[in-house]
2 protein chains.
Amino acid sequence: MAADTRQHLLKEGMAMLLRHGYHDLGIAALLEATKTPKGSFYHHFQSKEDFGLQAIDAYMAEVHAGLDHCLGDESMPPLKRVRHFFELTEEKYRTEGYLGCLLGGLGQELSGVSEVFRRKVEECFSAIERRVAACLREAIHRGELAPGTDPDGMAQLLINCWEGAALRTRLRQNPAPLREMLDFYFRSAAP
Amino acid sequence: MAADTRQHLLKEGMAMLLRHGYHDLGIAALLEATKTPKGSFYHHFQSKEDFGLQAIDAYMAEVHAGLDHCLGDESMPPLKRVRHFFELTEEKYRTEGYLGCLLGGLGQELSGVSEVFRRKVEECFSAIERRVAACLREAIHRGELAPGTDPDGMAQLLINCWEGAALRTRLRQNPAPLREMLDFYFRSAAP
DNA sequence: AGAATTAGACCGACCGGTCTATTCTGCTTT
DNA sequence: AAAGCAGAATAGACCGGTCGGTCTAATTCT
């Protein structure tokens with residue numbers, strides 16, 4: 001039951017952080033939503049900040065699972081795997097009501113005010129990037145991308161533009177910005 | 001002296017909102033920073049929300065001034081004008097300590113929780129976009145871009161990717177993401 | 001039994017916002 | 001030009017509510 005409560009808090013916490021952001025999410029509201037007493041919360045997490053950081057970890061576990069699933073799919077050419085990952089992510093955003101990406105949300109809200117969160121979020125983006133870059137490297141090797149292409153730069157570019165499009169998707173409540181961004185990127189990268 | 005206090009609050013408010021975001025910015029902190037008594041604040045603004053919305057207006061006045069300056073510069077070809085605007089914006093970010101864009105920050109933090117802010121920020125992006133699109137249209141007319149190019153789509157793409165790169169610049173405290181994004185965009189758009 | 005977990009009353013600090021009093025400021029009237 | 005006055009602006013004490021966090025006691029596991 002112990003780990004259960006923790007997981008339950010993290011799961012609901014991710015969803016509430018996505019909608020409300022960090023500072024607008026009150027502990028009391030989270031406890032109300034999960035029917036958890038305060039004692040439990042502070043038994044499992046040492047502070048709100050600790051909770052936020054662990055929620056990011058939980059989010060990243062999902063992201064890495066998606067990457068495992070897509071980038072490891074050898075039945076597709078590497079470039080297609082990358083695109084597939086983002087298309088699945090778009091689908092995930094849709095089911096959540098177009099609230100965008102937790103990393104982008106918390107990164108924007110907290111990076112000016114908390115060095116801890118700033119570094120954490122940056123490290124998460126960088127981890128995703130490394131995996132995408134590896135797949136891009138394979139694409140170059142297979143001739144899907146021009147030999148001179150910089151896989152690290154192109155991976156970072158993709159992640160960054162994706163985040164911008166995700167914000168816009170959130171503002172417009174519409175997936176078009178994500179789709180148009182992917183179209184442009186893959187059309188330009190692999191003509 | 002009246003409009004003076006208001007402007008002073010808005011100017012300092014923009015800077016503090018950029019760093020702290022909305023919910024982490026307390027009225028008391030703003031009043032302390034500007035040596036303003038509370039009575040003045042609530043004389044000039046009806047609420048914190050009203051203040052936030054007016055701070056966005058003040059920010060947009062600066063953006064439009066930058067657009068006037070760059071996009072109206074007939075000594076440059078249209079495509080160069082657009083790029084010049086973003087390069088100046090990057091320079092502005094640098095002087096502020098790489099805190100990124102206020103629209104991106106408030107958009108991410110508030111769009112899940114306030115329909116008013118969501119619409120406001122979206123309308124601001126859309127306004128910038130219209131002006132960029134007009135300049136792109138001129139670029140097409142002058143043969144700088146392929147005749148079939150969609151100026152509105154390309155303008156939105158540029159704004160969106162810019163915002164993503166701005167977030168990353170904030171996270172890394174480094175302008176490289178912005179530069180690499182512009183390079184990719186203009187290289188791909190006008191080969 | 002003893003450790004892990006749940007339970008929730010309680011705390012001081014701070015939040016956005018209100019209220020009344022005072023001080024400026026510019027216009028009207030003479 | 002001086003006096004008087006009304007509205008704008010400043011000043012800050014004050015308010016109820018909510019914040020993150022603590023503490024002790026009860027309960028549930030192994």
Side-chain angles (χ1 to χ4, degrees), chain A residues 1-58 105-106 109-118 120, chain B residues 1-58 105-106 109-110 112-117 120:
Chain A
M1 207 50 113
D4 225 37
T5 302
R6 213 185 86 95
Q7 288 306 315
H8 188 200
L9 283 168
L10 285 173
K11 189 175 174 184
E12 183 66 32
M14 271 193 283
M16 293 185 81
L17 283 171
L18 194 58
R19 175 173 301 277
H20 291 271
Y22 184 81
H23 286 111
D24 190 51
L25 173 60
I27 307 283
L30 173 65
L31 299 181
E32 165 64 25
T34 53
K35 301 296 171 198
T36 309
K38 212 159 207 180
S40 297
F41 180 89
Y42 281 96
H43 174 75
H44 292 288
F45 307 99
Q46 41 170 290
S47 65
K48 186 186 182 183
E49 177 180 89
D50 177 42
F51 173 76
L53 292 169
Q54 290 199 42
I56 293 178
D57 286 334
L106 295 183
E109 182 181 356
L110 299 175
S111 63
V113 98
S114 161
E115 201 68 4
V116 174
F117 274 98
R118 203 202 94 228
K120 177 79 176 182
Chain B
M1 206 50 114
D4 224 37
T5 301
R6 213 185 86 96
Q7 287 307 314
H8 188 202
L9 283 167
L10 285 173
K11 189 176 175 184
E12 185 66 33
M14 272 192 281
M16 293 183 83
L17 283 171
L18 194 57
R19 175 173 302 275
H20 291 271
Y22 184 80
H23 286 111
D24 189 51
L25 173 59
I27 306 282
L30 173 65
L31 300 181
E32 165 64 26
T34 52
K35 301 296 173 197
T36 309
K38 211 160 208 179
S40 296
F41 181 89
Y42 282 97
H43 174 74
H44 293 287
F45 306 99
Q46 41 171 289
S47 66
K48 188 187 181 184
E49 177 179 270
D50 177 42
F51 173 74
L53 292 169
Q54 290 199 41
I56 293 178
D57 286 334
L106 295 183
E109 181 181 357
L110 299 175
V113 97
S114 161
E115 200 69 2
V116 175
F117 274 98
K120 176 80 178 183

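Because only heavy atoms are used, hydrogens play no part in the values below, and waters and symmetry mates are left out as well, while side chains stay in. Throughout, a chain's letter reflects where its sequence line sits, starting with A, and its residues are numbered from 1.
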Value rounded to 0.5 Å, distance of [atom1] in [X] from [atom2] in [Y]:
X        : Y        : atom1 : atom2 : answer
A/Phe117 : A/Leu106 : CZ    : CG    : 6.5 Å
B/Lys35  : B/Ser40  : NZ    : OG    : 14.0 Å
A/Thr34  : A/Leu9   : OG1   : CG    : 4.5 Å

Would you indicate, yes or no, if [N] has its OP1 or OP2 atom less than 4.0 angstrom from a side-chain nitrogen or oxygen of [X]?
X       : N      : result
B/His43 : D/dG7  : no
B/Thr5  : D/dT10 : yes
A/His44 : C/dT6  : yes

Non-neighbouring partners of B/Lys120 that pass side chain to side chain donor-acceptor pair (under 3.5 Å), sequence neighbours left out: B/Asp57

[X] has an atom [atom1]; how far is it from atom [atom2] of [N], in whole Å?
X       : N      : atom1 : atom2 : answer
A/Asp24 : D/dT18 : CG    : C1'   : 12 Å
B/Gln7  : D/dA9  : CD    : P     : 13 Å
A/Asp4  : D/dC29 : CG    : P     : 12 Å
B/Leu30 : C/dG16 : CG    : C1'   : 13 Å
A/Tyr42 : D/dT24 : OH    : C1'   : 17 Å
A/Gln46 : D/dG20 : CD    : P     : 16 Å
B/Phe45 : C/dG17 : CZ    : P     : 13 Å
A/Leu9  : C/dA7  : CG    : C1'   : 14 Å

Are any protein N/O atoms closer than 3.5 Å to N/O atoms in nucleotides 11-15 of chain D? If there are, list each pair with its distance.
residue : atom : partner : partner atom : Å
D/dG12  : N7   : B/Gly39 : N            : 3.4
D/dG12  : O6   : B/Gly39 : N            : 3.2

How about A/Tyr22 and B/His23: do any of their side-chain heavy atoms sit closer than 4.5 Å? no

Assign each of A/His23 and B/Phe41 to its nearest nucleotide of DNA chain D by heavy atoms, then name whichever residue's nucleotide is nearer the 5' end. B/Phe41

Using a heavy-atom cut-off of 4.0 Å across all strands, would you classify A/Leu25 as base, sugar-phosphate, or nothing?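 It contacts sugar-phosphate atoms only.
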
Under 4.0 Å between any heavy atoms, over every strand shown, what does A/Leu31 touch: base, sugar-phosphate, or nothing? Just pick one.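 The residue A/Leu31 makes no contact with any strand.
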
Can you classify the ring geometry of B/Phe45 versus B/Phe51 as parallel (below 30°), tilted (30 to 60°) or perpendicular (above 60°)? perpendicular

By the definition side chain to side chain contact (heavy atoms under 4.5 Å, CB included), identify the one residue from B/Lys38, B/His44, B/Gln46 that meets it with B/Tyr42. B/Lys38

